[in-house]
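Just so it is clear: chains get the letters A, B, ... in the order the sequence lines come, proteins before strands, and each one is counted from 1.
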Amino acid sequence: MSSMPPKEIRVRFAPSPTGYLHVGGARTALFDWLYARHHGGKFILRIEDTDVERSSQEMVEGILEGMRWLGLDWDEGPFFQSQRVDRYRAAAAELVKSGHAYYCYCTPEQLKERRELAQKEKRNYKYEGTCRRLSTEQVAANEAQGRPRAVRFKVPEGESLQYHDLVFGTIEVAHAQIEDFVLLNSKNHPTYHLSVVVDDLEMRITHVVRGADHVSNTPKQILLYRAFEAEIPEFAHLPLILGPDKAKLSKRHGTTSVTAYRDMGYLPEAFRNFLALLGWSPGDNTEIMSTDDLIERFSLEKINQSNAVFDVQKLDWLNRQYIGASTAERLAPLVRKALEGKNLWRAEFDGDRKEYFYSSIDLLKSRMHSINDFAEGGQAFFTDLFFVDEAAAKKNLKDPALKELIPLLADRFRGLDPFTLESSEQVLRALADEKQVKAGLLINATRVLLTGRAVGPPLFHIMIQLGRDRTTERLERISQFTTVN
RNA sequence: GGCGCUAUCGUCUAGCCUGGCCCAGGACGUCGCCCUCUCAAGGCGAAAACACGGGUUCAAAUCCCGUUAGCGCUACCA
């Protein structure tokens, strides 16, 4: 045993394509991926689409898109359960043959009735095992008639079952608590537990890392492994992600699709970092971690046992951190998309004005809350037809003296050569002194005229970035504001 | 209802296994001050938590029991 070479770690992410990749699924995928990468193992992607009615190709695409965005590359797959139905049927037949499963002729209608009756009488309902006790003759007769039947698992006699969960520790469930669950429905279609176990076995999964909503499913699956006389993988269940109201995160909390976060201007590395901190921490106080850090430091032992609330404010903070720390080169393609979305993109930004485009990004990035913000708060750097914030104009352009001062300032800038950080500041401050006004008055007014906003980078940096001509042109727009007042 | 799981600042968490270093540390958010041409950033500081009740022990956030609350599962869905 000890001389055996370490077994390759194989983990899988197995979403069911009944919606786009949501935040909870993404976190599960991330942890699976981190675990595989940390151990140099394999990460397998499997699409659980046995419920044909609720699955669609479009949703599969959405899941793959979300994973690609987050940089979660898989080594094998995607495998589709819908294409593996024969194997599940064969496995079910094998279990019937070995006496671990039986045919059940109870109809869904009958079951529903019994369940409702039990509920009315305030009794707990569990399949009573009617067909489990059918004689061989009765079964043969039913089969001869071609009666539709499901295949049910025969839960073995026994006191209780326990298993060790890598995050929750020992979990114990009484056999009496587990009902004879359906393996194949009456349309000969496999259900969840069967297909999961068959696939995890066939794909040689060593660690089942999935959401905590599966803890109570695990005993059934362990029973299945035993019936197949197969080796049972390790299980690690992840705490759930909750909305601000502490209910399991869902559509009614607003955005839950991962690609929607991309569209809102979040950086995948920020989102990934944020997700990693939901239910896991490296143990010290480190919060900002690159992908390599994450891979290196990730371990199942440090996963929490309690659910975590999705806090968008912390996500925003991380996003700002990452944007501020990113190079213009990294940001450029993303900013380009944001600008294209607002019809602000111009080919020259990738040509003659590429340098200008990059330096604008560098100037703006430390203040941007999202990528989309470049096309909002930062738009004056990319177009002359920028939006002027009304409140900003009202606040910083209201002084009547500006009507005289700004054109004067524009004149002086026009003749200024060279037009630099130092020279432009000198000119502005000199004028302020001369006219006995605070430099701040001119500075703040100029910022609004130049960018349409009361907030932004230091003024002289803005002017140098825009250049002398644009600066003077925009200053002349003061007339449009003074008439309004 | 039954079964299972969980419980540290508003939120994410460290500490819990291996009691004492914890009148509980960090981060986001909030508030204040400094810096300052605005806003960010940065610096400094503040308010803010061991769910409750019993045990065990010289000593409990840490171990045990109970209560409460939350979440999950409870389908011929996954």
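With hydrogens and angles ignored, a donor-acceptor pair closer than 3.5 Å exists between the side chain of A:Asn285 and the base of B:rG25. Within 3.5 Å, a donor on the side chain of A:Arg447 pairs with an acceptor on the base of B:rC37, or the reverse. For A:Ser216 and B:rC3, a side-chain-to-base donor-acceptor distance below 3.5 Å is absent, hydrogens and geometry of angles not being considered.
Comparing B:rU18 with B:rG45, their C1' atoms sit 37 Å apart, to the nearest whole Å. Between the C1' atoms of B:rG15 and B:rA60, the separation comes to 13 Å (whole Å). Nucleotides B:rU6 and B:rU13, compared at atom C1', are 16 Å apart to the nearest Å. Only the C1' atoms considered, B:rA46 is 26 Å distant from B:rA51, to the nearest whole Å. For B:rC28 and B:rA41, the C1' atoms lie 16 Å apart once the distance is rounded to whole Å. With both ends at atom P, the span from B:rC9 to B:rG26 equals 16 Å, rounded to whole Å.
Among the candidates A:Glu143, A:Gln138, A:Gln145, A:Gln110, the single residue satisfying the side chain to side chain donor-acceptor pair (under 3.5 Å) test with A:Tyr105 is A:Glu143.
Two residues, A:Gln177 and A:Val182, neighbour RNA chain B, and the one matched to the more 5' nucleotide by heavy-atom proximity is A:Gln177.
Dashed line: the shortest gap from a side-chain N or O of A:Lys302 to OP1 or OP2 of B:rG15 is under 4.0 Å.
A:Arg84 and A:Ser195 are not linked by any side-chain donor-acceptor pair at a separation below 3.5 angstrom, with hydrogens and angles left out of the test.
Outside the 6.0 Å centre-distance limit, the rings of A:Phe31 and A:Trp280 are not counted as a close aromatic pair.
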Name the atoms and distances for all side-chain donor-acceptor pairs under 3.5 Å in residues 436-445 of chain A, with sequence neighbours left out.
from	atom 1	to	atom 2	distance (Å)
A:Asn444	OD1	A:Arg447	NH1	3.2
A:Asn444	ND2	A:Gly440	O	3.2

